[in-house]
2 protein chains.
Amino acid sequence: MMTIGKLSVTAGVKVPTIRYYEDIGLMPEPERTEGNQRRYVRAHLERLNFIRHARDLGFSVEAIRDLLSLQATPDAPCHDADRIAADNLADVRAKIARLKKLEAELEHIVSECAGGRAGECNVLATLADHALCMTNHGHANNALDNGSV
Amino acid sequence: MMTIGKLSVTAGVKVPTIRYYEDIGLMPEPERTEGNQRRYVRAHLERLNFIRHARDLGFSVEAIRDLLSLQATPDAPCHDADRIAADNLADVRAKIARLKKLEAELEHIVSECAGGRAGECNVLATLADHALCMTNHGHANNALDNGSV
DNA sequence: CCTAAATCTCTAAAGACTAGAGGTTCAGGA
DNA sequence: TCCTGAACCTCTAGTCTTTAGAGATTTAGG
């Protein structure tokens, strides 16, 4: 029997976040004391660990919902879970590729900025002029959006 | 003289986003026709390109605001712009490092999933049990939050 | 029993947009 | 010149995943 504070510390998830997960149905409603305070058992901790871990790995809340429902029916084929993870892997690789280009560009910018005046500064010049751009970081804006990965 | 639609297509920024940038002061208020429609000139396109480019590179709106103000005073030392870019570079590197761990873990998970049942699936097992975790993707939740990079 | 810490609910904010409603203006063709 | 349909206008409200605070209540330890 854990309080929400204990659960929070143990799982590494902030208290309001736990309540939020309950709101959106990721966490079940736990039992309450007579004074209406939440009391959790070990199953809750495990589930919350699962959720936090999956969030850390970049899974969306929707994907986690799917995974949790799979977990609830252990006889189902794991094909779906596999697909969810594979999709995520593709995403992650795309993000890495994009960030590496970005890193190269920023390195270039920073190393060249030798403390001159803004008028000659590469940061500004590079950002202002696409023609100076080393790499093609295109308009695929969603590739790295919705962060929390 | 461009309409907002033309500007949108040319710069690769959605129309409501342009208006939003105007609201928050990233874009100046352009001239209007007698019928109250916005009309942009080339300077607007360049500024919007600057903004989009910087957003693509992971700069926050606040950082962009700083950069834009630096750009407006080209005699100022570029030290600030340099710092902003350097800060961003550190961020980008942290993101890359984290995503690489994540990639390794997902590769591990996916490759081991041989189409069994969910009860034995590594995706679920790995997510459920921290002890099976290959890497320490810690609780530094903000490292990759606020995406759009 | 008392008190301080933790909990409760509820509302609102963050960032960076995006979507829709309901109305107006513009440009090209008949 | 008029018409029509696409594009524009403002305004409100929603997205997503939390996080922070206010004000009230409960709990556990001494």
Side-chain angles (χ1 to χ4, degrees), chain A residues 1-27 29-40 44 48 51-65 68 91 139-149, chain B residues 1-27 29-40 44 48 51-66 68 88 91 139-149:
Chain A
M1 282 306 192
M2 264 183 278
T3 65
I4 197 170
K6 185 77 188 336
L7 180 66
S8 167
V9 171
T10 313
V13 175
K14 295 204 173 110
V15 168
T17 305
I18 295 171
R19 293 200 269 247
Y20 166 71
Y21 286 159
E22 187 180 320
D23 276 357
I24 64 171
L26 274 194
M27 287 292 287
E29 296 181 19
E31 297 200 0
R32 303 279 186 131
T33 63
E34 298 204 357
N36 200 35
Q37 296 194 356
R38 292 167 179 82
R39 284 302 116 95
Y40 296 94
H44 291 112
L48 188 54
I51 294 169
R52 182 183 71 67
H53 204 185
R55 290 291 299 133
D56 279 356
L57 285 170
F59 287 86
S60 74
V61 165
E62 279 320 300
I64 293 172
R65 217 187 285 278
L68 284 168
D91 262 17
H139 294 196
N141 290 317
N142 282 336
L144 276 170
D145 281 1
N146 147 275
S148 78
V149 176
Chain B
M1 282 305 193
M2 264 183 278
T3 65
I4 197 171
K6 185 79 187 338
L7 180 65
S8 167
V9 172
T10 312
V13 176
K14 294 202 175 111
V15 168
T17 304
I18 295 171
R19 293 199 271 245
Y20 167 70
Y21 285 159
E22 188 181 321
D23 276 358
I24 64 172
L26 274 195
M27 287 292 288
E29 296 179 20
E31 297 200 359
R32 303 279 186 134
T33 62
E34 298 204 358
N36 201 35
Q37 296 194 355
R38 292 168 178 82
R39 285 301 116 98
Y40 295 95
H44 291 112
L48 188 54
I51 294 168
R52 183 182 72 65
H53 204 184
R55 291 289 302 128
D56 279 356
L57 285 171
F59 288 86
S60 74
V61 164
E62 279 320 300
I64 294 171
R65 214 188 287 277
D66 288 351
L68 284 168
N88 218 264
D91 262 16
H139 295 194
N141 290 316
N142 280 337
L144 276 170
D145 283 1
N146 148 274
S148 79
V149 175

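Since the model is a prediction, treat every value here as computed from it, not as a measurement. Chain naming here is simple, since letters A, B, ... match the order of the sequence lines and numbering starts at 1 in each.
Note: CD1 (Ile51(A)) to C1' (dT17(D)) measures 13 Å, nearest angstrom. Rounded to an integer number of Å, the gap from CD of Glu22(B) to P of dC17(C) is 15 Å. With rounding to whole Å, Met27(B) atom CE is found 16 Å from dC17(C) atom C1'. Rounded to an integer number of Å, the gap from CD of Glu62(B) to C1' of dG15(C) is 10 Å. Rounded to whole angstrom, the span from the CD atom of Glu34(B) across to the P atom of dA27(C) amounts to 12 Å. The nearest whole Å value for the distance from the CG atom in Asp23(A) to the P atom in dT17(D) is 13 Å. Atom-to-atom, CE of Met2(A) to C1' of dT7(C) comes out at 16 Å; the value is rounded to the nearest Å.
Checking Leu26(B), Val61(B), Thr17(B) one by one against Arg55(B), the side chain to side chain contact (heavy atoms under 4.5 Å, CB included) holds for a single residue, Val61(B).
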At under 4.0 Å between heavy atoms, which parts of nucleotides 8-15 of chain D does protein reach? Answer with one letter per nucleotide, 5' to 3': B base, S sugar-phosphate only, - none.
SSB-----
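Summarising the geometry of His44(A) relative to Met27(A), their closest heavy-atom pair is O-CE, 3.5 Å, with the distance given to 0.1 Å. What you find for Ser8(A) and Val13(A) is that their closest heavy atoms are OG-O, 2.7 Å. Of all the heavy atoms in Glu22(B) and Pro30(B), the pair that sits closest is OE1-CD, 3.5 Å.
OP1 or OP2 of dT18(D) has not a single side-chain nitrogen or oxygen of Lys14(A) nearer than 4.0 Å. Within the structure, a side-chain polar atom (N or O) of Thr17(A) is placed less than 4.0 Å from OP1 or OP2 of dT19(D). Contact between the side-chain N/O atoms of Thr33(B) and the OP1/OP2 oxygens of dT25(C) is not found at any separation under 4.0 Å. Residue Tyr20(A) places none of its side-chain N or O atoms closer than 4.0 Å to OP1 or OP2 of dC16(D).
Looking at Glu29(A) and Arg38(A), no side-chain N of the basic residue comes within less than 4.0 Å of a carboxylate O on the acidic one, giving no salt bridge.
With sequence neighbours excluded, the residues satisfying side chain to side chain donor-acceptor pair (under 3.5 Å) with Glu62(B) are Arg65(B). Remark: Arg19(A) pairs with no residue by the side chain to side chain donor-acceptor pair (under 3.5 Å) rule, at least two apart or across chains.
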